[in-house]
Amino acid sequence: MTIDFETPKPIAQMQTMLKSVAENMMRSTSREFDENEHSIPWDYVEFMHTAMRSMGGGGGLTVTEDKPKEGAEKRPPIGYQKLAAQIEMLSWGDVGYYLITPGGGLGAAAVQAAGSPEQKAKFLARFNDDKPTYAAMCMTEPGAGSDTSAIRTRAVLDEATKEWIINGEKIFVTGGDKSFIEYEKLGKGFIVVWASIDPSAGRSGMRAFVVESGTPGVKITKLEHKLGIRASDTAAISLVDARVPYENVLGSPTVEKTTTGFKGAMATFDATRPLVAASGIGVARAALEFLKEKLKENGVEIRYGLPRQKLSNIEREVIDMDIMLKSAWLMVLKAVWMADNKKPNALESSMSKVRAGDVGTKITQKAVEILGPLGYSREFLLEKWFRDAKITDIYEGTGQINRLVVARQILGYTGAELR
């Protein structure tokens, strides 16, 4: 198989539609929702829910395939490639808005990866309902960030009632508020809580539990005030004697001697990390395009094709930023192409995430530096994009952790051997 760099027609058509949304619905109110953190842009939420359902997206950003017309030649799969292009364009509009686009997010991805057919049917069907619906992943704890073996949240089976009793605390849950709090305008969401059913078993004892919105004993204790992505809520959640139905555990309810189930669920990140990278690239592209626009307004044209020694310093810097952006996007394309074609992509997934985290930070920072007061001023969105870009390097595996993943993949070391 070879990778075709020609943009497939379904993706090109979708990009045109989403660019209009980004320009007219997202950027026009970006500043308002950046300054009024935790308020919800309902117009966008409801519009995108309706639009995605009509496009076959299940009411959210999900992997879908266009069905060829009867008799037409079967096309190669492009589901993840299409999703990456959607995310890049929406993040070009406003990455905080992209993060509140209705859908299952990492919560649904965990169900898809580790759930039984019955669980998938029960929990994933709700994203096709009339109301926008959310799900979130709850993994990080005050004492357990990238080291998942340090998770202290505990799930104990009550033999009398056949319910799991969960106690613990989760932090930095993206979309946790809208996934758990029962808003009148939203459908019934859920959070996926990682907990141990046997602490002595290490990762073999780790399980993910679907905790439905409104479950007694579960409380949103804090909404973070953040540097960027302020339209998106990031929650802290406590669980005190929260009772969850027996059948809501993803995977086997008993402890096995292997970590196969845990690794299978964690493999969702191999598919989602390139999508995070695509988001960061969208923000960086917005900043670079704005920089070029302002330079052109001031009589600075970038002369592509000339030897570097004949270029001005600003021209060289802008061209270098172009190269960084395009190379990062190519890494994303490779990773999502591999996901579409069911090829192992742990290495390429983490590499794309590392590269996009670096590129997004460097491009937005350099754009602010070159434009000086214009870049630093709140009159324009560039300073916001600078703040928004950093999250790409942090969530869903920090740059440092993904560098470890890359090194392990290349050198053939296990997590215990290379930390």
Side-chain angles (χ1 to χ4, degrees), residues 1-19 21 48-70 72-92 98-99 101-115 117 120-121 123-128 133-135 137 264-282 329-353 356 396:
M1 290 186 182
T2 58
I3 301 176
D4 185 356
F5 291 102
E6 186 75 25
T7 302
K9 188 175 179 180
I11 292 180
Q13 292 174 334
M14 174 270 305
Q15 284 176 314
T16 300
M17 185 275 288
L18 290 182
K19 184 176 182 181
V21 173
M48 287 301 291
H49 176 67
T50 301
M52 289 297 178
R53 286 185 73 196
S54 68
M55 294 169 61
L61 292 171
T62 54
V63 176
T64 58
E65 293 291 349
D66 295 294
K67 296 180 181 179
K69 295 179 181 178
E70 189 174 346
E73 184 179 351
K74 186 178 179 182
R75 292 191 293 260
I78 60 169
Y80 278 105
Q81 296 166 70
K82 185 176 180 181
L83 185 54
Q86 287 176 324
I87 290 170
E88 193 274 347
M89 183 61 77
L90 289 174
S91 298
W92 176 86
Y98 145 62
L99 288 168
T101 303
L106 279 178
V111 175
Q112 187 67 48
K120 293 176 185 178
F123 296 119
L124 301 183
R126 64 188 63 187
F127 300 109
N128 290 305
T133 305
Y134 295 85
M137 177 86 88
M266 290 297 288
T268 58
F269 293 124
D270 293 343
T272 57
R273 278 175 177 156
L275 303 179
V276 174
S279 174
I281 288 169
W329 181 239
L330 287 174
M331 294 181 79
V332 170
L333 288 181
K334 182 176 182 180
V336 292
W337 179 88
M338 293 177 75
D340 277 329
N341 288 278
K342 301 190 182 333
K343 294 178 177 290
N345 72 337
L347 173 61
E348 292 77 10
S349 171
S350 287
M351 287 175 70
S352 70
K353 172 73 162 55
E396 207 155 327

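Counting begins at 1 with the first residue of the sequence.
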Can you name the nearest heavy-atom pair linking [X] to [Y], along with the distance?
X      : Y      : value
Phe123 : Phe127 : O-CE1, 3.6 Å
Tyr98  : Ser91  : CD2-OG, 3.4 Å
Met48  : Val21  : SD-CG1, 4.1 Å
Pro274 : Ser349 : CD-OG, 3.2 Å
Trp329 : Ala278 : CZ3-CB, 3.9 Å
Val276 : Lys353 : CG1-CE, 3.6 Å

Rounded to the nearest 0.5 Å, what separation is found between the [atom1] atom of [X] and the [atom2] atom of [Y]?
X      : Y      : atom1 : atom2 : value
Thr7   : Leu333 : OG1   : CG    : 8.5 Å
Thr133 : Leu124 : OG1   : CG    : 11.5 Å
Gln81  : Asn341 : CD    : CG    : 7.0 Å
Leu275 : Glu396 : CG    : CD    : 8.0 Å
Gln112 : Lys120 : CD    : NZ    : 4.5 Å
Ser279 : Gln86  : OG    : CD    : 13.0 Å

Expected output: side-chain [X] to main-chain [Y] donor-acceptor under 3.5 Å:
X      : Y      : answer
Asp340 : Tyr80  : yes
Arg273 : Ser352 : no
Thr16  : Ala12  : yes
Asn345 : Asp270 : yes
Lys82  : Ile11  : no

